[in-house]
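One structure is given here, and the rest of the page talks about it.
Everything quoted here is computed from the prediction, not taken from an experiment. In what follows, every heavy atom counts, from backbone to side chain, and hydrogens, waters and symmetry copies are set aside.
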Amino acid sequence: MEIIFLSRIFQKYYIGHEIEQLAFELFRKYSDKKLSFTDCTSFALMKKLGIKRAFTFDDNFAKVGFEIVNPI
């Protein structure tokens, strides 16, 4: 399967103090789910941006309430 990404549809975000703090809160809140801090950083940014669905193979997104869009 070939996937082509067009740069104009992506936006780069830098993680600042606010997102980092929210990520730590999520990391503590979901400690029973054994999530990585990187996952929690993604979740924090998604929550901040109002993103509810993820195009991913990673089922950790569903564990915290995001809808997974199956990429297959």
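For F43 and Y30, the distance between ring centers is not under 6.0 angstrom.
In this structure, the separation between CD on Q21 and CD on E25 is 7.0 Å, given to the nearest 0.5 Å. Atom NZ in K33 sits 7.5 Å away from atom NZ in K63 (nearest 0.5 Å). Remark: F66 CZ to D59 CG distance equals 14.0 Å, nearest 0.5 Å.
Nearest heavy atom pair, residue F27 against residue S36, reads CE1-C, 3.8 Å. Between E20 and F37, the shortest heavy-atom distance links the atoms O-CZ, 4.2 Å. L26 and K47 get closest at one heavy-atom pair: CD2-CE, 4.0 Å. Closest heavy-atom contact between N60 and D58: N-OD1, 2.8 Å. Here the shortest heavy-atom pairing between R53 and V69 reads CB-CG2, 4.0 Å. Across every non-hydrogen atom of T41 and I19, the tightest pair is O-CG2, 4.1 Å.
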For this session: Start with the C-alpha gap between E67 and F61, add the side-chain angles, then the distance that decides, and say whether side chain to side chain contact (heavy atoms under 4.5 Å, CB included) holds.
Result: CA-CA 7 Å; E67 178 186 345; F61 287 80; over 6 Å; no
For this session: Apply the test side chain to side chain contact (heavy atoms under 4.5 Å, CB included) to residues L49 and Y13: give CA-CA distance (whole Å), side-chain angles for both, the deciding distance (0.1 Å), then the verdict.
Result: CA-CA 11 Å; L49 297 174; Y13 290 93; 3.7 Å; yes
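Under the 4.5 Å side-chain heavy-atom criterion for Ile, Leu, Val, Met, Phe, Trp and Tyr, L35 and I51 are members of the same hydrophobic cluster.
Heavy atoms from other residues, nucleotides or ligands lying under 6.0 Å from CD of E18 number 12 at most.
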